[in-house]
K.L.:
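Have a look at the structure that comes next, please.
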Amino acid sequence: MADALWMKIREIDWTSYPTSDGSNVPSLLRNLASRKLPRAMRASHQVWTALCDGGVLHPAAIPAAPFLVETMMISDPGVQDGIIDILVRMVTEGGDAKVAVQNLSYALKPYLRSKDEIVSSKVKDLLASISE
């Protein structure tokens, strides 16, 4: 993960944003951005659990959204898929969560041209749901 991104993550008071299980969100985001695919894939599941577990979108998802989208730039399609699922959940939740994803729609548009058909299809559906 780029140093600038890591510094931005550290500027947020994550204790103000609960997760499902008290997870250390900055650590999870750092692992999600790992160049080691097994670590990133494991973190993808852990981030989902921390932010979206039990059918509830937890408050930490909103400040995490820009970091999730930025992490997609350096991620394997399997990790991108997991990140998109979190963003879809945020849009489904509505309110501030949906607005957070809408504000990032410009950064998602390049994934419409992804060579991975699952990623491009999910992003297409995500962007369509944002405009509803």
Side-chain angles (χ1 to χ4, degrees):
M1 179 178 296
D3 289 337
L5 179 61
W6 182 239
M7 293 305 292
K8 288 183 221 173
I9 289 173
R10 293 178 58 193
E11 291 173 1
I12 296 173
D13 178 12
W14 292 98
T15 60
S16 300
Y17 300 99
T19 62
S20 69
D21 57 2
S23 294
N24 180 338
V25 175
S27 179
L28 292 177
L29 293 173
R30 185 177 58 234
N31 288 338
L32 185 67
S34 175
R35 301 251 186 229
K36 296 179 181 175
L37 185 56
R39 178 181 292 168
M41 291 297 292
R42 193 169 38 257
S44 176
H45 174 72
Q46 292 169 329
V47 170
W48 170 266
T49 300
L51 302 180
C52 306
D53 196 37
V56 175
L57 183 72
H58 296 278
I62 294 172
F67 304 111
L68 295 171
V69 172
E70 191 162 342
T71 299
M72 286 178 65
M73 289 188 280
I74 61 169
S75 297
D76 177 88
V79 175
Q80 291 172 348
D81 182 44
I83 292 171
I84 295 165
D85 287 344
I86 294 168
L87 299 174
V88 167
R89 177 65 184 92
M90 291 177 69
V91 170
T92 302
E93 181 74 14
D96 291 341
K98 182 175 181 176
V99 170
V101 179
Q102 284 173 323
N103 291 338
L104 297 165
S105 63
Y106 69 92
L108 294 168
K109 289 180 181 178
Y111 297 98
L112 291 169
R113 296 182 304 274
S114 173
K115 292 179 182 175
D116 186 280
E117 291 180 25
I118 294 172
V119 169
S120 62
S121 176
K122 281 187 165 187
V123 168
K124 179 182 176 186
D125 293 344
L126 174 62
L127 291 173
S129 69
I130 287 173
S131 62
E132 295 176 349

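Residues take their numbers from the sequence shown, with the count starting at 1.
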K.L.:
Hey, could you give me the CD/CG distance between Gln102 and Leu127, rounded to the nearest 0.5 Å?
P.N.:
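The CG atom of Leu127 is 10.5 Å from CD of Gln102, to the nearest 0.5 Å.
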K.L.:
Answer yes or no: are there more than 12 heavy-atom neighbours, outside Asp96 itself, under 6.0 Å from its atom CG?
P.N.:
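Open: at most 12 neighbouring heavy atoms sit under 6.0 Å from CG of Asp96.
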K.L.:
Within this structure, what is the CD-CG distance for the pair Gln80 and Leu87, rounded to the nearest 0.5 Å?
P.N.:
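Gln80 atom CD to Leu87 atom CG measures 11.5 Å (nearest 0.5 Å).
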K.L.:
Using a 6.0 Å cut-off, check whether atom NZ of Lys98 has over 12 heavy atoms from anything other than its own residue.
P.N.:
yes
K.L.:
Measuring from Lys122:NZ to Tyr111:OH, what's the distance to the nearest 0.5 Å?
P.N.:
15.0 Å
K.L.:
Can you find a heavy atom in the side chain of Met72 that is under 4.5 Å from one in the side chain of Leu108?
P.N.:
yes
K.L.:
Under 4.5 Å between any side-chain heavy atoms of Val47 and Leu68, yes or no?
P.N.:
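Val47 reaches Leu68 side chain to side chain.
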K.L.:
So, taking the atom named CD in Glu11 and the one named NZ in Lys8, what distance separates them when rounded to the nearest 0.5 Å?
P.N.:
8.5 Å
K.L.:
To the nearest 0.5 Å, tell me how far Lys124 NZ sits from Leu126 CG.
P.N.:
13.0 Å
K.L.:
Can you check whether Ser120 reaches Leu112 side chain to side chain, under 4.5 Å on heavy atoms?
P.N.:
no
K.L.:
Is there a path of hydrophobic side-chain contacts, each under 4.5 Å between heavy atoms, that joins Val99 and Ile130?
P.N.:
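Shared cluster, no.
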K.L.:
Side chains of Ile12 and Phe67: closer than 4.5 Å at any heavy-atom pair?
P.N.:
yes
K.L.:
Does Val91 share a hydrophobic cluster with Ile118, counting links as ILVMFWY side-chain heavy atoms below 4.5 Å and allowing steps through other members?
P.N.:
no
K.L.:
Taking side chain as C-beta onward, heavy atoms only, is Ser44 less than 4.5 Å from Ile83?
P.N.:
no
K.L.:
With a 4.5 Å limit on heavy-atom distance, are the side chains of Val56 and Ser20 in contact?
P.N.:
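Not touching, per the 4.5 Å side-chain cut-off.
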K.L.:
Do the non-hydrogen side-chain atoms of His58 and Pro18 ever get within less than 4.5 Å of each other?
P.N.:
no
K.L.:
Going by heavy atoms in the side chains, are Leu37 and Val79 under 4.5 Å from each other?
P.N.:
yes
K.L.:
Measuring from atom CG of Leu32 to atom CD of Glu70, what distance do you get when rounded to the nearest 0.5 angstrom?
P.N.:
12.0 Å
